[in-house]
Amino acid sequence: MGQRTRVDGHLEPQISDPPGGKRKPTGRRELREADLPAERIELTDPLLEGSAPRMGWEESCQLAWRRPSHVRMAIARAKYRDAGAADTAEPAIVTAPLPPQILPRALATPSLQAHILGDKLCDGLPFHRQEC
């Protein structure tokens, strides 16, 4: 594997593309691009709702199960500018907390997890035969 020189003089390893031309994607799947019906849940902080101005929303997506198919669940958490949080010049940005989850940072909601386990354990359907 060769090395190439950047403009600032540092050496960095040259990464060659795998045979076939495409690299394996890294990171989390972007569910916003999926062709699925969407549901949106907005979470606010009741302590800051009237006292601090709302700055916007922080949105994340998970995959849920609603009969008869999968659903893209968009969870929007409110962001607030809390000027009274600290004695600093800049106000703190506070985001509404997430509710407790069975598997933190998972793409699957509890409804989808229950559906997958119900198909596997109750119906005897192997994982490889469950459809997306």
Side-chain angles (χ1 to χ4, degrees):
M1 185 179 287
Q3 292 186 352
R4 59 181 170 188
T5 305
R6 293 190 315 202
V7 177
D8 58 0
H10 290 88
L11 295 176
E12 67 180 26
Q14 183 176 359
I15 301 171
S16 61
D17 289 335
K22 276 195 154 180
R23 293 181 122 170
K24 183 178 177 182
T26 59
R28 192 170 181 162
R29 289 191 181 122
E30 186 59 50
L31 289 179
R32 288 180 187 90
E33 298 170 1
D35 186 25
L36 294 170
E39 289 184 14
R40 182 178 168 96
I41 297 174
E42 294 182 352
L43 302 173
T44 58
D45 192 348
L47 300 174
L48 295 173
E49 188 61 36
S51 62
R54 189 184 304 162
M55 293 178 52
W57 299 94
E58 183 176 300
E59 190 171 310
S60 62
C61 293
Q62 291 183 321
L63 197 59
W65 174 260
R66 299 283 185 268
R67 213 174 264 163
S69 67
H70 296 88
V71 175
R72 179 175 41 92
M73 181 81 62
I75 300 170
R77 300 186 305 159
K79 292 191 299 188
Y80 300 97
R81 178 177 292 142
D82 190 12
D87 296 332
T88 61
E90 286 194 31
I93 297 174
V94 180
T95 305
L98 276 173
Q101 296 181 346
I102 296 173
L103 296 173
R105 298 181 46 88
L107 282 176
T109 60
S111 64
L112 181 61
Q113 294 168 12
H115 174 70
I116 291 170
L117 290 176
D119 279 352
K120 170 67 177 162
L121 300 175
C122 297
D123 300 337
L125 188 63
F127 288 132
H128 70 277
R129 292 195 46 212
Q130 294 184 13
E131 292 188 27
C132 295

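What you see is a predicted model, and the numbers here were worked out from it, not measured in a lab. We use all heavy atoms of the structure for the numbers below, so side chains are in, but hydrogens, waters and symmetry mates are not.
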Let me confirm one number: the [atom1]-[atom2] distance from [X] to [Y], rounded to the nearest 0.5 Å.
{"X": "Glu59", "Y": "Glu42", "atom1": "CD", "atom2": "CD", "value": "9.0 Å"}
{"X": "Arg72", "Y": "Glu39", "atom1": "CZ", "atom2": "CD", "value": "10.5 Å"}
{"X": "Leu103", "Y": "Thr109", "atom1": "CG", "atom2": "OG1", "value": "10.5 Å"}
{"X": "Ile75", "Y": "Gln101", "atom1": "CD1", "atom2": "CD", "value": "6.0 Å"}
{"X": "Gln62", "Y": "Ile41", "atom1": "CD", "atom2": "CD1", "value": "8.5 Å"}

Residue among Leu121, Asp123, Leu117 satisfying side chain to side chain contact (heavy atoms under 4.5 Å, CB included) with Asp119: Asp123

Classify the ring geometry between His115 and Trp65 as parallel (under 30°), tilted (30 to 60°) or perpendicular (over 60°). parallel

hydrophobic_cluster_shared for [Y] and [X], side chain cutoff 4.5 Å:
{"X": "Leu107", "Y": "Met73", "result": "no"}
{"X": "Ile116", "Y": "Leu63", "result": "yes"}
{"X": "Leu36", "Y": "Leu112", "result": "yes"}

Do other residues, nucleotides or ligands put more than 12 heavy atoms under 6.0 Å from Arg81 CZ? no

Would you indicate whether Ile93, at its atom CD1, is surrounded by more than 12 heavy atoms from other residues, nucleotides or ligands within a distance under 6.0 Å? no

Over all heavy atoms of both residues, which pair between [X] and [Y] is shortest? Give the atoms and the distance, please.
{"X": "Arg66", "Y": "Ser111", "result": "NH1-OG, 3.6 Å"}
{"X": "Cys61", "Y": "Arg32", "result": "SG-CG, 3.7 Å"}
{"X": "Ala106", "Y": "Gln113", "result": "CB-NE2, 4.4 Å"}

Assess the residue pair Leu43 and Trp57 against the criterion (side-chain contact (heavy atoms from CB on, under 4.5 Å)); give the C-alpha distance rounded to whole Å, side-chain angles, the decisive distance to 0.1 Å, and a yes or no. CA-CA 9 Å; Leu43 302 173; Trp57 299 94; over 6 Å; no

Has the side chain of Arg77 got a donor or acceptor atom that lies under 3.5 Å from a matching backbone atom of Ala96? yes

